[in-house]
Amino acid sequence: MTKQKKSSTKILEEERIIVTSALPYINGVKHLGNLIGSLLPADVYTRYLKLIGKDVIYICGTDDHGTPAEISALEAKKPVDKYCNEMYEVQKEIYDKFGLNFDYFGKTSHKDNHKVTQEIFLALHKNGYISEKTSEQLYSVDEDRYLPDRYVIGTCPKCDYDQARGDQCEACTSLLSPIELKSPKSITNENSKIEIKKVKHFYINLPKLQNKIEEWVESHTEWPNTTLSIARKWLKEGLRERAITRNLKWGIDVPLEGYDDLVFYVWFDAPNGYISMTKTWAETIKKDKSLFDKYWKSDSTKLIQFMGIDNVPFHTVTWPGSLIGSDLGYIAASSVKSFQWLTYEKGKFSTSQNRGIFTDTALELFPADYWRYYLLLIAPERQDTDFLWDGFQNVVNNDLNNLLGNLLNRCITFTHRHNNGIIPKVKAIGDKEKELYIALDECLVEYQATFNDIEFQKPVRALRKFWQASNKYFQEKQPWKAIIDNPDDALDTIGTTAHALRSIAILFAPIAPFTSEKIYEALGYKSKSVHRTNISQVVNWNVLGGREIPEFKSNLFSKIKDKEIKKLKERFGSVESKQVKKKEKKDKKKEAKKIKKQEKDGYIQYDDFAKIKLITAKILNVEEHPKADKLLVLTLDDGKRKDRTVCAGIKEFYNPDELKGRTVIIVDNLKPRKLRGIMSEGMVLACDIDEKSIALLQPDKKTDAGLEVH
RNA sequence: AGCACCGUAGAGUAGCGGUUAACUCGUUGGGCUCAUAACCCAAAGAUCGGCAGGUUCGAAUCCGCCCGGUGCUACCA
């Protein structure tokens with residue numbers, strides 16, 4: 001059977017494309033893991049689609065609802081809506097600086113999301129996919145709040161651990177319901193009185209939708225393996241009804257009479273943000289209401305969603321479930337691109353432990369493109385990847401600065417020095433030029449093929465390969481020599497290199513937009529125009545001749561010094577600090593555990609046995625040990641020597657004469673040791689019959705000395 | 001505990017059924033000197049976590065078991 005090639009290329013035949021990235025939660029500044037886990041790749045991909053001339057919009061925004069937002073607002077002593085507005089501005093500004101080029105960056109607390117969410121709920125209700133159940137919920141009287149499971153601690157009914165959380169006891173790992181806890185308390189106010197109240201909640205009937213969801217999932221076998229296997233896992237286990245409302249004040253109201261104290265659960269309203277934000281975009285930015293339906297309710301639109309792996313079930317099962325069940329004509333995702341985790345110096349990024357780098361700090365340290373390039377180069381597409389300061393330094397210094405930055409510098413400097421700042425027109429195309437053209441063609445093929453498959457590491461690598469080819473070209477043409485004895489050829493080299501840089505700028509724009517602008521500017525273009533250039537322009541090798549270029553201002557990049565990296569490691573923590581020690585300890589423990597286990601179950605590994613080398617040996621001579629009662633001194637032929645001495649504790653059982661000439665088994669690689677003054681080089685094997693007799697092990701056929709025993 | 005994903009040269013990553021396992025850095029040797037001590041060439045270095053396991057003509061690649069790492073387990077988002 002031929003394996004079906006997984007490709008998203010067919011998506012690109014569609015008229016319109018919506019790209020979304022997981023909505024960052026409003027609560028605080030995101031770290032680099034969040035950035036590479038969805039926001040950045042979505043941006044790069046959208047920019048790529050625009051480069052190849054697609055009609056595409058990139059929609060994202062903050063996810064505002066939920067208890068953590070309420071609590072953060074409380075801590076900041078601000079009303080929730082005000083808090084969210086402020087944090088929205090903070091996040092938005094950071095993303096702008098990172099060059100994330102959203103067509104619209106909205107928020108789930110916007111009135112349009114209320115409308116869209118309520119509309120979807122009512123449709124689900126009408127279509128019979130909503131049910132109502134009563135459940136018991138803990139209520140914190142002093143705080144005037146119902147408590148989500150994880151905001152409750154108390155004593156575990158099973159193991160009496162007094163810090164058990166409402167959903168699970170960490171001590172005995174049993175799954176709990178908050179009502180089971182003895183003496184439950186609110187995490188945010190331990191003194192508050194707790195009551196149990198009966199509350200009604202709405203549930204979405206996912207079991208009823210299971211078949212339709214399954215059918216939809218199975219029509220997308222082109223999804224990445226991880227995405228597909230997660231979706232299938234949920235379906236295989238069978239979907240359950242899922243509560244879609246919460247007893248909170250901050251959220252979207254349930255549009256039915258008599259449910260004033262209920263709002264929709266964030267997981268129900270947040271994904272609808274993709275839809276509602278597009279609505280806002282169409283109506284307020286584009287001032288064209290028809291655009292909304294054109295994008296969201298058209299078979300010729302494809303929806304491509306980016307997210308971290310933790311978000312996959314909600315984008316492949318639950319949210320599509322509500323869209324399918326509501327039957328309002330909204331399209332479901334064509335492609336769900338998920339990312340594994342980015343780790344920080346071998347450990348986890350952690351907000352609470354302040355471990356890792358946050359997006360705001362990152363921008364204070366280095367320009368956005370440094371981060372964009374490095375993160376995309378190590379994008380956790382198939383497996384977790386590790387952010388390492390050494391790696392970051394290495395990539396910035398070598399890839400960006402040495403390969404690309406210096407190439408531009410060579411070319412520009414040469415142009416100013418030898419051609420008055422005018423890019424020479426290329427007159428003759430020789431073999432070396434043709435080689436470079438081919439290198440660009442190869443780069444283009446790989447770049448487009450991999451981008452079309454929504455990959456990131458690969459197009460970046462394809463481009464880097466072309467930087468190398470360009471340097472190689474320049475190096476081999478030796479214009480610094482040619483300028484003396486063959487000036488025309490030298491100028492052709494410079495002209496050709498300038499064109500290569502122009503191609504690089506265009507292709508680099510989705511990945512590192514700010515850098516591309518700088519290169520374009522250095523070549524005498526208006527910087528921003530690089531973003532309006534179509535990919536078909538890339539292979540045009542004859543457009544720069546005669547163009548005047550500006551004075552060279554500054555290098556594209558600057559190197560990061562070892563000292564600097566050392567400081568950063570100290571400031572942010574790195575493997576070389578605590579982590580290593582911790583890990584060493586952990587490894588030792590594990591090793592000890594392993595050995596214990598072996599001892600306990602009485603087995604050794606094969607490897608352990610393999611360490612012992614047994615061979616046959618022929619007894620040539622036997623004498624009594626002069627200083628020992630029980631030892632005989634054997635002289636053996638071990639196949640290599642005929643004077644090997646081995647002491648054996650068998651004097652009580654054998655006469656020296658009856659042993660001579662026998663072939664026995666000895667341990668060959670036992671460390672030699674003196675026994676009562678005589679060096680014994682090995683050990684003869686025998687088994688105990690009883691206390692008074694033993695039997696020497698011997699081969700059952702006549703054998704040579706020195707044969708290995710297995 | 002269950003499930004999912006992962007385990008490839010010193011480091012970070014590709015490859016995921018087929019000739020010499022690829023790339024970047026690092027290491028060693030050489031070339032060049034226009035350029036930011038940058039650039040170019042070459043070499044060494046991996047029996048692809050383990051199996052005295054299975055499928056196959058053939059496995060890093062598929063299946064099974066074991067070991068190790070990480071994550072998820074539906075009311076944190």
Side-chain angles (χ1 to χ4, degrees), chain A residues 3 22-27 63 65-69 71 135 137 146-152 165-168 173-175 177-178 201 206 225-226 229-230 232-234 236-237 239-243 246-247 265-267 270 308-314 317-318 340-341 343 346 348 377-388 390-391 393-395 397-399 401-403 405-414 417-418 457-458 461 464-465 468 470-483 490 493-494 555-559 587 590 594 605-607 609-610 710:
Chain A
K3 197 176 171 184
L23 307 179
Y25 197 62
I26 190 69
N27 182 10
D63 176 6
H65 296 131
T67 312
I71 287 170
S135 63
Q137 188 105 29
Y146 285 89
L147 297 172
D149 293 3
R150 295 196 186 185
Y151 284 79
V152 183
R165 288 189 319 191
D167 54 343
Q168 187 176 25
T173 71
S174 49
L175 296 172
S177 149
H201 277 291
L206 290 172
N225 288 333
T226 329
S229 72
I230 291 172
R232 280 177 174 159
K233 188 200 147 205
W234 272 55
K236 195 178 156 195
E237 287 177 3
L239 300 180
R240 296 177 228 162
E241 288 198 273
R242 192 177 156 89
R246 290 291 181 277
N247 299 100
Y265 177 38
V266 275
W267 270 117
I309 194 168
D310 54 330
N311 259 318
V312 170
F314 303 98
V317 178
T318 55
Q340 310 291 117
W341 303 111
T343 53
K346 312 278 184 191
K348 269 197 268 184
L377 192 69
I378 63 164
E381 296 178 286
R382 277 155 266 269
Q383 57 179 313
D384 292 356
T385 59
D386 205 13
F387 176 94
L388 290 172
D390 289 336
Q393 180 194 22
N394 167 33
V395 160
N397 290 358
N398 282 293
D399 287 12
N401 190 73
N402 293 352
L403 277 178
N406 191 41
L407 178 69
L408 180 72
N409 193 39
R410 290 171 109 176
C411 182
I412 298 294
T413 313
F414 214 101
R417 191 167 301 166
H418 297 289
Q457 287 192 10
K458 286 175 188 169
R461 280 158 208 272
R464 179 175 64 188
K465 204 171 176 187
Q468 287 172 326
S470 302
N471 270 307
K472 180 181 172 146
Y473 165 78
F474 196 99
Q475 191 68 27
E476 290 179 349
K477 288 287 303 258
Q478 302 188 316
W480 57 90
K481 280 185 184 167
I483 196 71
T493 303
I494 298 307
N555 294 326
L556 272 187
F557 309 99
S558 48
K559 284 196 173 193
D587 286 350
K590 267 178 198 156
K594 203 175 163 187
Q605 298 296 313
Y606 175 78
D607 288 350
F609 169 69
H710 293 283

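By convention in this document, chain letters (A, B, ...) are assigned in the order of the sequence lines, proteins followed by strands, and residues within each chain are numbered from 1. The shown structure was predicted, so the numbers you read here are calculated from the model rather than taken from an experiment.
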Of the listed C39(B), U70(B), A77(B), the closest approach to the Asp310(A) side chain comes from A77(B)
Of G12(B), A74(B), C34(B), the nucleotide closest to the side chain of Ile378(A) is G12(B)
Residues at least two apart in sequence or cross-chain that pass salt bridge (charged side-chain N to carboxylate O under 4.0 Å, His left out) with Arg242(A), listed by chain then number, are none
I'd like to know if Gln475(A) reaches the base of C40(B) with its side chain such that a donor and an acceptor end up less than 3.5 angstrom apart. no
If the cut-off is 4.0 Å, is Arg242(A) near the phosphate of C75(B), judged by side-chain N/O to OP1 or OP2? yes
In short, Ile309(A) meets Gln340(A) closest at the heavy-atom pair CD1-OE1, 3.3 Å
Tyr25(A) meets the ring-ring contact (aromatic ring centres under 6.0 Å, His included) criterion, sequence neighbours left out, with none
### Query
Which part of the nucleic acid, if any, lies within contact of Asn311(A), taking any heavy atom under 4.0 Å across all strands shown: a base, the sugar-phosphate backbone alone, or nothing?
nothing
Looking for any heavy atom pair under 4.0 Å, which part of the strands does Thr67(A) touch: base, sugar-phosphate only, or nothing? sugar-phosphate
Phe557(A) CZ to A38(B) C1', in whole Å, measures 14 Å
Margin query: What contact category does Pro68(A) fall into here, base, sugar-phosphate, or nothing, at under 4.0 angstrom with non-hydrogen atoms?
Written below: sugar-phosphate
Taking A9(B) as the reference, what is the distance to C5(B) when you measure between their P atoms (whole Å, please)? 22 Å
Here the distance between atom C1' of U27(B) and atom CG of Asn394(A), to the nearest Å, is 14 Å
The reported gap from OG in Ser470(A) to NZ in Lys465(A) (rounded to nearest 0.5 angstrom) is 13.0 Å
**Item:** Between Arg246(A) and Gln137(A), a side-chain donor and acceptor under 3.5 Å
**Value:** no
The residue, Gly405(A) or Leu147(A), whose nearest nucleotide of RNA chain B is more 5′ is Gly405(A)
Across all chains, not counting sequence neighbours, the side-chain hydrogen bond (donor to acceptor under 3.5 Å, both in side chains) partners of Lys477(A) are Glu433(A), Asp489(A), Thr493(A)
What integer number of Å spans the C1' atoms of G7(B) and C75(B)? 35 Å
From CH2 of Trp267(A) across to P of C72(B) the rounded distance in Å is 13 Å
* Which part of the nucleic acid, if any, lies within contact of Ser558(A), taking any heavy atom under 4.0 Å across all strands shown: a base, the sugar-phosphate backbone alone, or nothing? -> nothing
Among U33(B), U36(B), C75(B), the one nearest any side-chain atom of Asn406(A) is U36(B)
Sorted by chain and residue number, the ring-ring contact (aromatic ring centres under 6.0 Å, His included) partners of Tyr146(A) (sequence neighbours excluded) come out as Tyr139(A)
Can you give me the N/O atom pairs linking the protein to nucleotides 20-23 of chain B at distances under 3.5 Å, or say none if there are none?
residue: C23(B); atom: O2'; partner: Arg464(A); partner atom: NH2; Å: 3.2

Applying side-chain hydrogen bond (donor to acceptor under 3.5 Å, both in side chains) to Thr343(A) and not counting sequence neighbours gives Asp386(A)
When rounded to the nearest 0.5 Å, the distance separating CZ of Arg417(A) from CD1 of Ile483(A) is 11.0 Å
Describe the nucleic acid contact of Asn471(A) in one word from base, sugar-phosphate, nothing, applying a heavy-atom distance below 4.0 Å.
-> sugar-phosphate
- Message: Any side-chain N or O of Tyr265(A) below 4.0 angstrom from OP1/OP2 of A74(B)?
- Response: no
If one requires at least 3 consecutive Watson-Crick or G-U pairs with distances under 3.5 Å, the stems of RNA chain B turn out to be B:1-7 with B:67-73, B:10-13 with B:22-25, B:27-31 with B:39-43, B:49-51 with B:64-66
Check your understanding: How far, in whole Å, is C25(B) from C39(B) if one measures between their P atoms?
Key -> 8 Å
Are Lys481(A) and U33(B) close enough that a side-chain N or O sits under 4.0 Å from OP1 or OP2? yes
Rounded to whole Å, CG of Asn398(A) lies from P of A37(B) at a distance of 13 Å
Contacts of Arg461(A) meeting salt bridge (charged side-chain N to carboxylate O under 4.0 Å, His left out) (sequence neighbours excluded), chain-then-number -> none
Rounded to whole Å, CZ of Arg382(A) lies from C1' of G71(B) at a distance of 19 Å
With the side chain defined as heavy atoms from C-beta on, Trp480(A) is closest, among C39(B), U33(B), U13(B), to U33(B)
C1' atom, C41(B) versus A46(B): distance in rounded Å? 24 Å
Report task. Check whether the side chains of Asn406(A) and Asn402(A) place a donor and an acceptor atom closer than 3.5 Å, and report yes or no. Result -> no
Can you see if the side chain of Gln340(A) gets near the phosphate of C5(B) - specifically, an N or O under 4.0 Å from OP1 or OP2?
no
> Given the P atoms of U33(B) and A22(B), what is the spacing between them in whole Å?
Replying inline: 32 Å
What interatomic distance, in whole Å, is found between C1' of A60(B) and the corresponding atom of U8(B)? 7 Å
Taking OP1 and OP2 of C41(B), is either one under 4.0 Å from a side-chain nitrogen or oxygen of Lys472(A)? yes
Contacts of Asn409(A) meeting side-chain hydrogen bond (donor to acceptor under 3.5 Å, both in side chains) (sequence neighbours excluded), chain-then-number -> Thr413(A)
Arg410(A) CZ to C39(B) C1', in whole Å, measures 4 Å
Atom CZ of Phe314(A) and atom C1' of A77(B) are separated, to the nearest Å, by 9 Å
Those residues at least two apart in sequence (or on a different chain) that pass salt bridge (charged side-chain N to carboxylate O under 4.0 Å, His left out) with Asp63(A) are none
Expressed as a whole number of Å, how far does the P atom of U20(B) sit from that of C48(B)? 15 Å
What is the ring orientation for Trp267(A) with Phe314(A), classed by angle as parallel under 30°, tilted 30 to 60°, or perpendicular over 60°? parallel
Taking any heavy-atom pair under 4.0 Å as a contact, classify Arg417(A): base, sugar-phosphate, or nothing. sugar-phosphate
Between Ala243(A) and Asn555(A), whichever has its closest RNA chain B nucleotide further toward 5' is Asn555(A)
Pairs: protein N or O with nucleotides 8-11 of chain B N or O, under 3.5 Å:
none

Here the distance between atom P of G7(B) and atom CG of Asp386(A), to the nearest Å, is 15 Å
Exercise. Under 4.0 Å: is that the gap between some side-chain N or O of Lys477(A) and OP1 or OP2 of C34(B)?
Worked result: no
Residues passing the ring-ring contact (aromatic ring centres under 6.0 Å, His included) test with Phe474(A), sequence neighbours excluded, are none
Q.
Heavy atoms only, 4.0 Å cut-off, all strands: where does Asn409(A) land among base, sugar-phosphate and nothing?
A. base
Looking only at atom P, what distance separates G58(B) and C40(B), rounded to whole Å? 43 Å
